[in-house]
S.K.: 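One structure, pasted below without further comment.
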Amino acid sequence: MSKDVSRSVLSTETFDCVRCGLNVAALAPDGVRRNHCPSCLHSRHVLDREGGRPECGSQMAPISIAVLRNGDWMVVHRCSRCGELTSNPISGDDNQFILMRMAVRPLAQPPFPLEPFGDL
Amino acid sequence: MPRRKHRRERVQRRKAGPEGRLDAFRCVGCRLDVPADAPGTVHRNHCPHCLTSLHLDDLTPGDRRAGCRGRMAPLSLTVRPDGEWMLIHHCVSCEALSVNRIAGDDNALALLRIAVRPLRDDRLRAGLRTVT
Ligand SMILES: [Zn+2]
Ligand SMILES: [Zn+2]
Ligand SMILES: [Zn+2]
Ligand SMILES: [Zn+2]
């Protein structure tokens, strides 16, 4: 298959979200292939770390926002069945409310008083 | 001195003792000598000072089945449904991720720096502007 053909196939490819059922274009607006639903940020566990073992297929829930050295945000997903963790880049149209809720969640429930660190 | 060298290797190998408990270990991130018993968790798996860990476990904490032994850097935090903070580590050698309980004597400032990382980001401020 030529590059152009594979690109045009990809641009019309969609998947149904395992969690909310939304029919999602496989390519994000920025042209990058997405791995999670932009609305609920859930994904499906299709590959393990080594990419070798049979796919699990279960729901992966977003559990954390990681900030890379270059400032990019990654979503950390955890598989509800096998517990495997993956990290994935966010897309421009990912649900901002869910991203922000995850970003502020630790500070909303701190295990120690935050007041001594007021200047951080 | 051969004797000292031997002792240090033993410490670094982090062998499990007879009861399955871990010996003290020297941190691969900041070289701190870390005692094995951690308040608030059965199983200490990272340095209480710099939060660095070593890639030893495969799927469950303490299983010691990963052959990697790479340095695992603290990456981000997640909150369990019961409100407990969990620390996510990222292996710099093989890219594996793991999620671990924090200990009662973990460095609060180091944890907090990780917690505020997304909040210092322009993206969050830009996002807040769009939704408010
Ligand atoms: Zn969805
Ligand atoms: Zn799975
Ligand atoms: Zn350390
Ligand atoms: Zn590793």
Side-chain angles (χ1 to χ4, degrees), chain A residues 41 45 47-51 53 56 60-120, chain B residues 40-41 55 57-61 66 68 72-92 94-132:
Chain A
L41 307 190
H45 191 193
L47 281 182
D48 73 353
R49 283 203 290 269
E50 292 84 28
R53 277 179 281 185
C56 161
M60 299 193 83
I63 61 164
S64 177
I65 298 287
V67 184
L68 302 183
R69 244 172 244 287
N70 63 8
D72 281 354
W73 277 25
M74 303 284 277
V75 178
V76 178
H77 283 99
R78 185 174 189 277
C79 179
S80 58
R81 185 156 83 188
C82 71
E84 177 91 1
L85 300 166
T86 60
S87 70
N88 304 284
I90 62 167
S91 303
D93 59 350
D94 278 351
N95 189 325
Q96 293 279 324
F97 280 111
I98 302 181
L99 289 175
M100 280 187 274
R101 196 168 62 203
M102 270 196 291
V104 300
R105 181 108 199 268
L107 287 174
Q109 285 169 291
F112 41 76
L114 297 180
E115 288 72 19
F117 305 96
D119 56 342
L120 196 73
Chain B
T41 175
H55 191 190
D57 296 336
D58 186 14
L59 284 177
T60 43
C68 172
M72 295 197 86
L75 176 74
S76 64
L77 290 162
T78 182
V79 183
R80 288 205 313 203
D82 66 3
E84 183 177 337
W85 276 21
M86 303 285 283
L87 186 56
I88 296 172
H89 281 98
H90 167 246
C91 179
V92 297
C94 74
E95 307 275 299
L97 298 169
S98 69
V99 60
N100 302 287
R101 299 186 67 182
I102 61 169
D105 60 350
D106 278 352
N107 182 342
L109 183 61
L111 285 170
L112 209 48
R113 285 217 169 100
I114 298 171
V116 300
R117 238 182 245 162
L119 311 184
R120 327 194 83 157
D121 195 270
D122 291 340
R123 197 184 321 257
L124 185 73
R125 292 190 199 111
L128 284 168
R129 273 200 298 277
T130 5
V131 294
T132 49

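Order of the sequence lines sets the chain letters (A, B, ...), proteins ahead of strands, with each chain counted from 1.
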S.K.: Of Leu112(B), Val79(B), Leu77(B), which meets side chain to side chain contact (heavy atoms under 4.5 Å, CB included) against Leu107(A)?
M.R.: Leu112(B)

S.K.: Of all the heavy-atom pairs spanning Pro118(B) and Ala103(A), show the shortest one and how long it is.
M.R.: CB-CB, 3.8 Å

S.K.: Yes or no on side chain to side chain contact (heavy atoms under 4.5 Å, CB included) for Val76(A) and Val99(B), after CA distance, side-chain angles and deciding distance?
M.R.: CA-CA 10 Å; Val76(A) 178; Val99(B) 60; over 6 Å; no

S.K.: Could you grab the distance from atom CG of Leu97(B) to atom NE2 of His77(A), nearest 0.5 Å is fine?
M.R.: 12.0 Å

S.K.: Heavy-atom cut-off 4.5 Å, strictly under: side chain, backbone, both or neither for Pro110(A) against chain B?
M.R.: both

S.K.: If you take all heavy atoms of Arg105(A) and Arg80(B), which pair is closest and at what distance?
M.R.: NH2-O, 3.8 Å

S.K.: Kindly say whether Pro106(A) contributes a backbone atom to a donor-acceptor pair with the side chain of Trp85(B) at under 3.5 angstrom?
M.R.: yes

S.K.: Hey, what do you get for CD (Glu95(B)) to OG (Ser87(A)), rounding to the nearest 0.5 Å?
M.R.: 7.5 Å

S.K.: Look at the side chain of Thr78(B) and the backbone N and O of Ile63(A), then say whether any donor-acceptor pair between them is shorter than 3.5 Å.
M.R.: yes

S.K.: Who pairs with Asp94(A) by side-chain hydrogen bond (donor to acceptor under 3.5 Å, both in side chains), at least two apart in sequence or on another chain?
M.R.: His36(A)

S.K.: Once you round to the nearest 0.5 Å, how far does NE2 of His90(B) lie from CE of Met74(A)?
M.R.: 8.0 Å

S.K.: Taking atom CD1 of Ile65(A) and atom CD1 of Ile88(B), what is their separation to the nearest 0.5 Å?
M.R.: 10.0 Å

S.K.: Nearest 0.5 Å, please: how far is CZ in Arg113(B) from CZ in Phe117(A)?
M.R.: 9.5 Å

S.K.: Side chain to side chain contact (heavy atoms under 4.5 Å, CB included), that's the test. Do Leu111(B) and Phe112(A) meet it? Break it down for me.
M.R.: CA-CA 10 Å; Leu111(B) 285 170; Phe112(A) 41 76; 4.0 Å; yes

S.K.: If the condition is ring-ring contact (aromatic ring centres under 6.0 Å, His included), which residues does His89(B) pass it with, not counting sequence neighbours?
M.R.: His46(B)

S.K.: Quick one: of Gly83(B), Ser98(B), Ala108(B), who has the most non-hydrogen atom pairs under 4.5 Å with chain A?
M.R.: Ala108(B)

